[in-house]
Engineer: 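Pasting a structure here, questions to come.
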Amino acid sequence: MIGAGVIGLAVARELAARGRDTLILEAASRFGTAASSRNSEVIHAGVYYRPGSLKARLCVAGREQLYAFCHERGIAHQRCGKLIVAAEPAQLPGLEGIAATARANGVELAFLGRAAVLALEPQLACAAALHSPLTGIIDSHAYMLALLADAERRGATLACGCAVTRLVLEERGVLIGVNGAEPALRAHRLINCAGVQAPAVARRIEGFPGAHIPTAYYCRGNYFSLAGRAPFRHLIYPLPEDGGLGIHLTLDLAGRARFGPDVQWIDACSCDVDPQRATGFYAAIRRYWPGLADGTLQPAYAGVRPRITGPGEPLADFRIDDARTHGVASVLNLFGIESPGLTASLALAAEAVARIA
């Protein structure tokens, strides 16, 4: 299989648990260096996603599995909850729409008036908010370490520094070439978990039907950290914006605050933080936290979402493309696995592996 981010490691763990010989090929020098380590590290409740979609179903199932896994394995996490804020009365219908979607997904949110919100978070400026008690935060690196340990304990092997450069379909499998060498590895099944690079990897499969490979769009999310401690105990989210969930406040397990991600469409995959984006961050954050002081935001990091729809288009659902989709029994492609991929990872892995069982 290709890709050792959180999804690839979860799938490898599931494969190995079912007795499959598993080799994980990762182009980077270590696992989890792309989107899996450049996100908000949030365990999502399942609030925003279209009812009946893979995102909705796998997020809700994966959330409970992930909390149980963290508890069982001693992985640092915290069920801190979040507030989705209507900064002004005109945004109240937006809260009602989110609550209805959440309810359809089996997730109950509590509606809080302004006074109730201020009792929880006195520094917030808002007309009302939805409280999501099931939302949390996680040490994503420790989680990936645990996934890898489970996979390796059951016989899986991780090979880093192995960029897949050629793939050739055979009658009963796929020949794989790495780092420019002629194909020398033979896999009965190829599982493409390459994240933002998944469409490019699929296009390297000689003989694979190109009509079933989506276009990759690069949507960078910049993050800024806060100098000093934030006066908040919950995660704070504005209403969603086009292409994202809005510039929100998240906390790490030490209580440090960071803001992001924003939505920045770019032409090539790059994780460089754009410091000029700070101006927009101050404006967005002050809509719900007017007390944010000048000069307190510092560039932190950026990640690139593995989008398969472009600017102005509706967000795509997860795609788990098996032979029923493209007709190639030896290939399973995972496309568009962005948020809530971390939360959904255990449930998504089980779903993916079941399709090739």
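Along the sequence shown, residues are numbered consecutively beginning with 1.
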Engineer: Hey, is Arg20 close enough to Glu14 for a salt bridge, meaning N to O under 4.0 Å?
Structural biologist: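 Glu14 and Arg20: not salt-bridged.
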
Engineer: Would you kindly confirm whether Val174 and Val11 end up in one hydrophobic cluster when ILVMFWY residues are joined by side chain heavy atoms under 4.5 Å apart?
Structural biologist: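 No: no chain of side-chain contacts under 4.5 Å links Val174 to Val11.
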
Engineer: Side chains of Ser345 and Tyr143: do they bring a donor and an acceptor to under 3.5 Å?
Structural biologist: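 Yes, because at least one side-chain N or O of Ser345 sits under 3.5 Å from a partner of the opposite role on Tyr143.
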
Engineer: Side-chain donor-acceptor pair under 3.5 Å between Ser40 and Tyr223, yes or no?
Structural biologist: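 Their side chains do contain a donor-acceptor pair, which is all the 3.5 Å distance test asks for.
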
Engineer: Count the heavy atoms of every other residue, nucleotide or ligand shown that sit under 6.0 Å from CZ of Arg186, and state whether that count exceeds 12.
Structural biologist: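 No, not enclosed.
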
Engineer: Please check if the number of heavy atoms outside Arg30 that lie under 6.0 Å from its CZ is greater than 12.
Structural biologist: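 No, not enclosed.
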
Engineer: Are Val201 and Leu169 connected in the hydrophobic side-chain network, where two residues link if heavy atoms are under 4.5 Å apart?
Structural biologist: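 Both belong to a single hydrophobic cluster.
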
Engineer: Which pair of non-hydrogen atoms, one from Cys193 and one from Leu334, has the smallest distance, and what is that distance?
Structural biologist: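 So the minimum-distance heavy-atom pair works out to SG-CD2, 4.0 Å.
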
Engineer: Surrounding CZ of Arg114 (heavy atoms of other residues, nucleotides or ligands, distance under 6.0 Å), is the total greater than 12?
Structural biologist: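 Counting neighbours around CZ of Arg114, 12 or fewer heavy atoms of other residues, nucleotides or ligands fall under 6.0 Å, so no.
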
Engineer: Between Arg73 and Asp150, is there a side-chain N and carboxylate O pair less than 4.0 Å apart?
Structural biologist: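 So Arg73 pairs with Asp150 through a salt bridge.
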
Engineer: Is the closest basic N to carboxylate O distance between Asp321 and Arg355 below 4.0 Å?
Structural biologist: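 No.
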
Engineer: How close do Val273 and Pro299 get, counting heavy atoms only, and between which atoms?
Structural biologist: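 In terms of heavy atoms, the two residues are closest at CG1-CB, 3.8 Å.
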
Engineer: What about the rings of Phe224 and Phe281, do their centers lie closer together than 6.0 Å?
Structural biologist: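 Here the rings of Phe281 and Phe224 have centres that are less than 6.0 Å from each other.
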
Engineer: Between Asn333 and Thr325, is there a side-chain heavy-atom distance shorter than 4.5 Å?
Structural biologist: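 A side-chain contact is absent here, since even the closest heavy-atom pair is not under 4.5 Å.
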
Engineer: Check the hydrophobic clustering (I, L, V, M, F, W, Y; side-chain heavy atoms under 4.5 Å; chains of links allowed) and say if Val168 and Met1 are grouped together.
Structural biologist: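 As far as the 4.5 Å side-chain criterion goes, Met1 and Val168 are not connected within one cluster.
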
